[in-house]
Student: 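This is the structure I want to talk about, given as structure tokens.
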Amino acid sequence: MSDLKITVDGTSREVVADTTGFNLFESRSIVALRVNGELRDLAYVVADGDSVEGVELSSPDGLNILRHSAAHVLAQAVQNINPEAKLGIGPPIKDGFYYDFDVVEPFTPEDLRKLEKEMDRIIRAGQRFVRRVTNDSDARVELSNEPYKLELIGLKGNTDAVGDGAAEVGAGELTIYDNVNPQTGETVWKDLCRGPHLPNTRMIGNAYSLMRSAAAYWRGNEANKQLQRVYGTAWPSKDELKAHLERLEEAAKRDHRRIGAELDLFSFPEEIGSGLAVFHPKGGIIRRVMEDYSRKRHEENGYDFVYSPHITKSNLFETSGHLAWYADGMFPPMKLDEEVDENGIVRKQGQDYYLKPMNCPFHILVYKSQSRSYRDLPLRMFEFGTVYRYEKSGVVHGLTRVRGLTQDDAHLFVTQENMEEELTSVIGFVLGLLRDYGLTDFYLELSTREEGNPKFVGSDEIWERATGTLSRVAEATGLELVPDPGGAAFYGPKISVQARDAIGRTWQMSTIQLDFNLPERFDLEYAAADGSLKRPVMIHRALFGSIERFFGVLTEHYAGHFPPWLAPLQVAGIPIADEYSDYLHEIASELRSKGVRVIVDDSDDRMQKKIRNHTKDRVPFMLIAGEEDRSNRAVSFRFRDGSQENGIPVEDAIKRILSAIENKEQV
RNA sequence: GCCGACUUGGCGCAAUUGGUAGCGCACCGCUCUUGUAAAGCGGGGGUUGUGGGUUCGAGUCCCAUAGUCGGCUCCA
């Protein structure tokens, strides 16, 4: 028997024929192989010249294999319980997996529990995952009862069309995985699948859980039938599963909708309508401080402040093109009917008025209100512009997806020559301001046009120039740059700033869009130095995106522990007993005279109760005073995290508070 | 928009098979008041999202509608 020369984890080895991954790796944490760059089952029989690496269960590839194998077990469990269920696809996803099924009755929570029991049984049975190569025609016969799998076979090789189904029918050979009973050798279940899988079901272990079920369109297309999707999570160990569930719990505690109610910041009265928020006094303070600071910074950076109405006749959005592309996303028009006199003469023309979904056309009209010269440019118009968008009922979500929102919107009119310079300064401005609000970890996304999609208007040449400019500017920041093909607005490409919050989630924040299209549609001009008329370029940018959304993101980022400069109540004075109220009131008036938001809690509650109340309210500074403090003209700090500093001289305490506010420090 | 679940006093929750709506917190009143996350007693407040229907009788069943939640699709 001739020896084969292979490389194992970078080291050359000679092995006998029919050697498999099982022979090469003893560690049970190796669950699959990477052979010449391709993932394979451990049962793969090595060939001469192969370069083989072991895939650790806890590696990203290993976790995907674990989760995808768990998805197969789920599918088997579903079909064991309901043989009529037809299989969709079942890929691994972040933290888990899902599998789609065509079933008559949607899954209930009780169904999920039953399915977990059945999965346990399958896992304990230690079924082997056995790869079998097949071909289109054989597979079609074998899977004649699985219409969705048949459809995928038809798409094989067309990676774009397969989409999430790549786990089933990726490039290369068509394969079926048989689940084999290790005792009898009998195939108990099978699924069209590219693999690889764990060697057997037992290795899935018990660190998995079915999380929820929901409907999902077949192959992600709204025009297709909805299948029932079951989501699960799976981990190498019970501890990791527990940690994951705790992370979900932590995220739920930070949910801005929950904190918004707890801290009395905002609400969505049913009487007003879905996606329409009211800000309560405490939320109002945070919002006003956010806005005030933004105004100040815009003023310092050469922006002009403009104002525009909330409604407009339809022609404005016809010219801009928004009505043609986004009429569905706009509130329907207010129709003013034509009035005709008794002779049939039109006395008053009929008109459609729309709530504005965008501010740009209004700013354009300001631009057009006079002849512009190159000396006027760049012209930077800023507005807290309130817009209304008819978001589909199913997508409205807290403050992050609403139907009425206020954008911190600006439109910059620049010459082609200074466009790049202006973009560079805008992005610096944006990042600096976001940092002031406490977000510090960013990356950029460059959204570009999708070739051939008619949604994108304007010439190829213009798109290339705009995209090239944005990309140079983005690269110059030194931040990580992620491409987003097809993500551009219909009128131009954009850079968006993505921020990571305190628990590592990313949020799309600011967008900066370059637009050659609207200036053309509105026939914008300026007189160049040589006297000729030229077309300016527009830059659209919103820094918060929408104030509502930014408010929501900051709430989750801080988990309601807003830094003192934003906190609705900055200082709460808590006397040990009634007798010390006056002393605290004295300190409070001094703070108040310096603009600090402060109260003294002289309610009937015990001091312990007051500490509890103001801690729950996330008040950054609690000032406690009793005899000891008063006689030393001092005060004791207590902070939201329970820590304390006692006997601080009043003057120092005041300085400390003022400086934290002034410097936007977190405490 | 689609699929599913949910909707009980300000908030969080209870109400066996359809049979007179309860609790905690909060609120109001009184009493109490010294050191770091809930003092005690008493009181008021809901007809169960809204509109229909079934029934002798509905918070509990049916239909519609609004809103919320979880997904899918979408996000200028």
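Lettering of chains follows the sequences in order, A, B, ..., and the numbering in each one begins at 1. This structure is a prediction, so every number in the text was calculated from the model and none was measured.
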Student: If you take any heavy atom closer than 4.0 Å to RNA chain B, which residues from residues 269-276 of chain A end up in contact?
Tutor: A/Glu270, A/Ser274, A/Gly275
Student: Can you find a donor-acceptor N/O pair under 3.5 angstrom joining the side chain of A/Arg401 to the base of B/rC74?
Tutor: yes
Student: Just jot down the ring-ring contact (aromatic ring centres under 6.0 Å, His included) partners of A/Phe279, sequence neighbours excluded, or say none.
Tutor: A/Phe551
Student: Considering only heavy atoms and no angle criterion, is a donor-acceptor pair shorter than 3.5 Å present between the side chain of A/Asp629 and the base of B/rG35?
Tutor: yes
Student: Give A/Gln228 one of three labels, base, sugar-phosphate or nothing, depending on what nucleic acid heavy atoms sit under 4.0 Å from its own.
Tutor: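 If one applies the 4.0 Å heavy-atom cut-off, A/Gln228 turns out to touch the sugar-phosphate alone, with no base involved.
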Student: Spell out yes or no: do the side chain of A/Glu391 and the base of B/rC75 have one donor N/O and one acceptor N/O closer than 3.5 Å?
Tutor: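 No, no donor-acceptor pair under 3.5 Å.
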Student: Check nucleotides 23-31 of chain B for protein N or O atoms closer than 3.5 Å to its own N or O atoms and list the pairs.
Tutor:
residue	atom	partner	partner atom	Å
B/rA26	OP1	A/Lys609	NZ	2.7

Student: Does any N or O donor sit under 3.5 Å from an N or O acceptor when you compare the side chain of A/Arg229 with the base of B/rC72?
Tutor: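 Check fails, no donor-acceptor contact within cut-off.
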Student: May I ask you to evaluate whether A/Thr615 reaches the phosphate of B/rA37, defined as a side-chain N or O under 4.0 Å from OP1 or OP2?
Tutor: no
Student: Taking atom P in both B/rG4 and B/rA64, what distance in whole Å separates the two?
Tutor: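 About 12 Å, rounded to a whole number of Å.
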Student: Can you check the distance between B/rC63 and B/rC27, where both ends of the measurement are the C1' atom (answer in whole Å)?
Tutor: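 Per the computed distance, 39 Å lies between those C1' atoms.
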Student: Choose from B/rG1, B/rU68, B/rC3 the nucleotide whose nearest atom is closest to any side-chain atom of A/Val396.
Tutor: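 It is B/rU68.
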Student: Measuring to OP1 and OP2 of B/rU34, would you say a side-chain N or O of A/Tyr583 lies under 4.0 angstrom away?
Tutor: no
Student: Minimum heavy-atom separation for A/Leu227 and A/Phe101, please, with both atom names.
Tutor: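 The pair with the smallest heavy-atom distance is CB-O, 3.4 Å.
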Student: In terms of side-chain heavy atoms of A/Ser636, which of B/rA76, B/rG35, B/rU33 is nearest?
Tutor: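 Among B/rA76, B/rG35, B/rU33, the one nearest the side chain of A/Ser636 is B/rG35.
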Student: Return the nearest nucleotide to the side chain of A/Gln226; candidates are B/rG71, B/rA76, B/rG35.
Tutor: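 Between B/rG71, B/rA76, B/rG35, the one nearest the side chain of A/Gln226 would be B/rG71.
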Student: Kindly say whether, by distance alone, the side chain of A/Lys392 makes a donor-acceptor pair under 3.5 Å with the base of B/rU73?
Tutor: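 Indeed there is one.
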Student: Regarding B/rU36, can its base be found pairing with the side chain of A/Gln608 as donor and acceptor, where the two atoms are less than 3.5 Å apart?
Tutor: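 No pair found.
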Student: Taking only the P atom of each, what is the distance from B/rG57 to B/rA15 in whole angstrom?
Tutor: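 Each nucleotide's P atom is 25 Å from the other's.
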Student: Classify the nucleic acid contact of A/Gly321 as base, sugar-phosphate or nothing, counting any heavy atom under 4.0 Å across all strands shown.
Tutor: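 The residue A/Gly321 makes no contact with any strand.
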Student: Look at all strands and tell whether A/Tyr580 reaches a base, only sugar-phosphate, or nothing, counting heavy atoms closer than 4.0 Å.
Tutor: base
Student: Using the P atom as the point on both nucleotides, what is the distance between B/rU8 and B/rU68, in whole Å?
Tutor: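 So the two P atoms sit 14 Å from each other.
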Student: Select one nucleotide: of B/rU36, B/rC72, B/rA76, the one nearest the side-chain heavy atoms of A/Met358.
Tutor: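 Side chain of A/Met358 sits closest to B/rA76.
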Student: Kindly indicate whether the side chain of A/Arg638 and the base of B/rA37 share any N or O donor-acceptor pair separated by less than 3.5 Å?
Tutor: yes
Student: For A/Lys282 and B/rC11, give me the distance from atom NZ to atom C1', rounded to whole Å.
Tutor: 14 Å
Student: A/Tyr217 side chain: which of B/rG35, B/rC72, B/rU68 is closest?
Tutor: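 Nearest nucleotide to the side chain: B/rC72.
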Student: According to a strict under-4.0 Å criterion, is A/His397 in side-chain N/O contact with OP1 or OP2 of B/rG70?
Tutor: yes
Student: According to a strict under-4.0 Å criterion, is A/Arg606 in side-chain N/O contact with OP1 or OP2 of B/rG35?
Tutor: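 No.
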Student: Start at the 5' end of RNA chain B and walk down; is the nucleotide closest to A/Tyr388 or to A/Gly398 reached first?
Tutor: A/Gly398
Student: How would you label the contact of A/Arg212 with the nucleic acid (heavy atoms, under 4.0 Å): base, sugar-phosphate, or nothing?
Tutor: sugar-phosphate
Student: Output the distance between atom CZ (A/Phe621) and atom CD1 (A/Ile654), rounded to the nearest 0.5 Å.
Tutor: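 CD1 of A/Ile654 is found 12.0 Å from CZ of A/Phe621.
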Student: Side chain of A/Ile576 only, please: which of B/rA76, B/rC3, B/rU34 is the nearest?
Tutor: B/rU34
Student: Of the nucleotides B/rC3, B/rG71, B/rU33, which has the atom closest to the A/Ala214 side chain?
Tutor: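 Of B/rC3, B/rG71, B/rU33, B/rG71 is nearest to the side chain of A/Ala214.
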Student: As a test of reading the structure: which of B/rG4, B/rU36, B/rU34 is closest to the side chain of A/Pro106, going by heavy atoms?
Tutor: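 Given the options B/rG4, B/rU36, B/rU34, the side chain of A/Pro106 is closest to B/rG4.
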Student: Under 3.5 Å, side chain of A/Asn221 to main-chain N/O of A/Tyr217, donor-acceptor pair present?
Tutor: no
Student: For B/rG70 and A/Arg257 - does any side-chain N or O of the residue sit under 4.0 Å from the phosphate oxygens OP1/OP2?
Tutor: yes
Student: Please report the distance separating the P of B/rA66 from the corresponding atom of B/rC23, rounded so that it comes out in whole Å.
Tutor: 36 Å
Student: Picking from B/rC3, B/rC72, B/rA76, which would you name as closest to the side chain of A/Tyr231?
Tutor: B/rC72
Student: Take A/Thr406 and A/Thr386 through the test side-chain hydrogen bond (donor to acceptor under 3.5 Å, both in side chains) and record every step on the way to the result.
Tutor: CA-CA 4 Å; A/Thr406 301; A/Thr386 302; 2.9 Å; yes
Student: Please step through side-chain hydrogen bond (donor to acceptor under 3.5 Å, both in side chains) for the pair A/Tyr491 and A/Gln513, ending with a clear verdict.
Tutor: CA-CA 9 Å; A/Tyr491 49 74; A/Gln513 302 178 359; 2.5 Å; yes
Student: How would RNA chain B look in dot-bracket form, 5' to 3', counting Watson-Crick and G-U wobble pairs with both distances under 3.5 Å and writing | for bases paired to another strand?
Tutor: (((((((..((((.....[..)))).(((((.......))))).....(((((..]....))))))))))))....
Student: A/Phe413: which residues meet the ring-ring contact (aromatic ring centres under 6.0 Å, His included) condition with it, sequence neighbours left out?
Tutor: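 ring-ring contact (aromatic ring centres under 6.0 Å, His included) check on A/Phe413 returns A/Tyr367.
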Student: Nearest to the A/Ala216 side chain among B/rG70, B/rC72, B/rA37, which nucleotide is it?
Tutor: B/rC72
Student: Between B/rG35 and B/rU31, how far is it from one C1' atom to the other, in whole Å?
Tutor: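 Taking atom C1' in both B/rG35 and B/rU31, they lie 23 Å apart.
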Student: Only pairs at least two apart or in different chains count here, so list each salt bridge (charged side-chain N to carboxylate O under 4.0 Å, His left out) that has a residue in residues 309-331 of chain A.
Tutor: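 Checked against salt bridge (charged side-chain N to carboxylate O under 4.0 Å, His left out) - neighbours excluded - no pair reaches residues 309-331 of chain A.
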